[in-house]
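Everything on this sheet refers to the single structure shown next.
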Amino acid sequence: MPSRETAFTRILAVVRKIPRGRVMTYGAVARVAGLGRGARVVGYALRAAPSGSVPWQRVMGLAGPGWARVSIRDPLAGAIQRQLLEKEGVVFDGRGRVDLSRFGRK
DNA sequence: ACTTTGACGACTG
DNA sequence: GCAGTCGCCAAAG
């Protein structure tokens, strides 16, 4: 345990708790981690996190109420994210979106 | 202590 | 529907 708990460590803790085959949006992670509207900070934390230390692929961008989408700007990383999620059972619709009522974590 | 930087999100044209 | 802008907030330089 870090002697001083930062927003950074709280974010990673939340992401690590997302079950396999489920996803959360950046905003939802921020809220659970006690950041309020700090959705951007979640992205910042994941970017800085050591690779393999956290299931980063389960964090997606919001795409309207009840839907999530791959929101990462880098197209290569985006394709990898989608691949990883489909491998664990997450289904994308024809427009590349994921139904949060089926795969989202409350 | 101040400025820049974003794996975001809501809003605008 | 896509691109640009703005508000948000912690971390990095």
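Note that the structure is predicted; figures quoted are calculated from it, not measured.
In this structure, A:Arg16 places its CZ atom where more than 12 heavy-atom neighbours from other residues, nucleotides or ligands lie under 6.0 Å away.
Mapping A:Arg37 and A:Arg95 onto DNA chain C by nearest heavy atom places A:Arg95 closer to the 5' end of the strand.
Cation-pi geometry between A:Arg82 and A:Phe92 is satisfied (NZ or CZ under 6.0 Å from the ring centre, within 45° of the ring normal).
Within the 4.5 Å cutoff, no side-chain heavy atoms of A:Leu62 are placed close to those of A:Tyr26.
To the nearest 0.5 Å, atom CG of residue A:Leu46 and atom CZ of residue A:Phe8 are 8.5 Å apart.
In 5' to 3' order, the nucleotides of DNA chain C bounding all contacts with chain A (an atom under 4.0 Å from a heavy atom) are C:dG1 to C:dA12.
Residues A:Leu12 and A:Ala49 approach most closely at CD2-CB, 3.9 Å, considering heavy atoms. Pairing each heavy atom of A:Gln81 with each of A:Val59, the nearest pair is NE2-O, 3.0 Å.
The stretch residues 38-77 of chain A touches DNA chain C through A:Arg40, A:Val41, A:Tyr44, each having a heavy atom within less than 4.0 Å of the strand.
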- Please assess A:Trp67 against A:Val98 for the test side chain to side chain contact (heavy atoms under 4.5 Å, CB included), listing each intermediate value before the final yes or no. CA-CA 6 Å; A:Trp67 292 89; A:Val98 171; 5.6 Å; no

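For A:Glu88 and A:Arg22, the salt-bridge test fails: no basic side-chain N is under 4.0 Å from an acidic carboxylate O.
When the P atom of B:dC8 is taken as reference, atom CD1 of A:Ile11 falls 13 Å away, rounded to whole Å. Atom CZ in A:Arg31 sits about 13 Å away from atom P in B:dG9, given to the nearest Å.
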